[in-house]
> 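Before anything else, here's the structure in question.
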Amino acid sequence: MQREQIILVQDTWQHVLPIAEVAADLFYERLFEIDPNVKALFENADLSAQKGKLLQMLAATIADLHAPATLFRDLEELGHRHATYGVQPEHYDLVGKALLWTLEKGLADIWSIEVREAWAAAYGLIAQKMLKGAARAEMGDDYVQAYRNGLR
C-alpha cells in the first residue's frame, strides 16, 4: 500500500467508529445476501460477538498498517485460524465485496474513488496475508510450528 492510501484508510476509519455497530450489522447482512451459504459458517457462533471481533480486527489492522512485520504475522495467523473454521479462498472475495459495500454506505459523504481504492488496497493486503496463513494450515501444523520458529 502507498503511504497516502494508509493515511486515507486510517482517516476514514475514524468516521466509521461512531457507526461501528451499524456498519458491522450492514456488513454481515450484505455478506449473507451475496452468498447465503456463507451463513452456515456462523451457525455455531455468537454473531454479536463475531461482529465485535470483526471490528477489533479491523481496528488493529488499520492501526498497524505502518508496522507490516507485526501486521503480516498476525494476519497470517488469523488466516490459519479461519481455515480451521472452514473458510475457503473464494470467501475472501465475498468478504471484500461486502466490506467495500458497507464502507460505501457508511462513508457516503466522504466516499470517493480514492477512498475506495485505498480500502480495496487495504483489504487486498489483508486477504493476501490471511490466504497465506490459510495455505500453511493446509500444509499441516508441523510446517506452521517451523514457520513460527523461524525455520521456514
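Note that the coordinates shown come from a computational prediction; the quantities given were computed from them, not determined experimentally.
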> For the side chain of H80 and the backbone of E76, is there at least one donor-acceptor N/O pair under 3.5 Å apart?
no
> Can you give the donor-acceptor pairs under 3.5 Å from side chains of residues 106-118 to other protein atoms, not counting sequence neighbours?
{"from": "S112", "atom 1": "OG", "to": "E114", "atom 2": "N", "distance (Å)": "3.4"}
{"from": "S112", "atom 1": "OG", "to": "E114", "atom 2": "OE1", "distance (Å)": "3.3"}
{"from": "S112", "atom 1": "OG", "to": "V115", "atom 2": "N", "distance (Å)": "3.2"}

> Scan residues 3-20 for pairs that pass salt bridge (charged side-chain N to carboxylate O under 4.0 Å, His left out), counting only residues two or more places apart or in two chains.
none
> To the closest 0.5 Å, what do you measure between NZ (K53) and CG (L47)?
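One gets 11.0 Å once the value is rounded to the nearest 0.5 Å.
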> Drop me the distance from L131's CG to H91's NE2, to the nearest 0.5 angstrom.
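Result: 11.5 Å between the selected atoms.
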> Show me, pair by pair, the donor-acceptor contacts under 3.5 angstrom made by side chains of residues 58-68, not counting sequence neighbours?
{"from": "T61", "atom 1": "OG1", "to": "M57", "atom 2": "O", "distance (Å)": "2.8"}
{"from": "H66", "atom 1": "ND1", "to": "A63", "atom 2": "O", "distance (Å)": "2.8"}

> Which value, rounded to the nearest 0.5 Å, describes the distance between L8 atom CG and I6 atom CD1?
11.0 Å
> Side-chain donor-acceptor pairs under 3.5 Å in residues 15-34, sequence neighbours left out?
{"from": "D25", "atom 1": "OD1", "to": "K51", "atom 2": "NZ", "distance (Å)": "2.6"}
{"from": "R30", "atom 1": "NH1", "to": "E33", "atom 2": "OE2", "distance (Å)": "2.4"}

> Going by side chain to side chain donor-acceptor pair (under 3.5 Å), name the pairs with one or both residues in residues 119-128, residues two or more places apart or in two chains.
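Of all non-adjacent pairs touching residues 119-128, those that pass side chain to side chain donor-acceptor pair (under 3.5 Å) are T12-W119.
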> Could you note down all residue pairs passing salt bridge (charged side-chain N to carboxylate O under 4.0 Å, His left out) where residues 91-107 supplies at least one of them, sequence neighbours left out?
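Salt bridge (charged side-chain N to carboxylate O under 4.0 Å, His left out) check on residues 91-107 returns no pairs.
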> Is there a continuous path of hydrophobic side-chain contacts, each under 4.5 Å between heavy atoms, that joins I126 to W101?
no
> Taking all atoms of both residues into account, what is the closest heavy-atom pair of Y92 and G79, and its distance?
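Heavy-atom minimum between the residues: OH-CA, 4.0 Å.
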> For L94, run the side-chain contact (heavy atoms from CB on, under 4.5 Å) check against L99, N37, V38 and tell me which one passes.
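Option passing the side-chain contact (heavy atoms from CB on, under 4.5 Å) with L94: V38.
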> Measuring from atom NZ of K129 to atom CG of D74, what distance do you get when rounded to the nearest 0.5 angstrom?
12.5 Å
> If I take atom NZ from residue K132 and atom CG from residue L75, how far apart are they, to the nearest 0.5 angstrom?
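If we round to the nearest 0.5 Å, K132:NZ and L75:CG are 11.5 Å apart.
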> Identify the heavy atoms of A122 and V9 that sit nearest to each other, and give their distance.
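A122 and V9 have their closest heavy atoms at CB-CG2, 4.1 Å.
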> Between CE of M130 and CZ of R81, what distance do you get to the nearest 0.5 Å?
8.0 Å
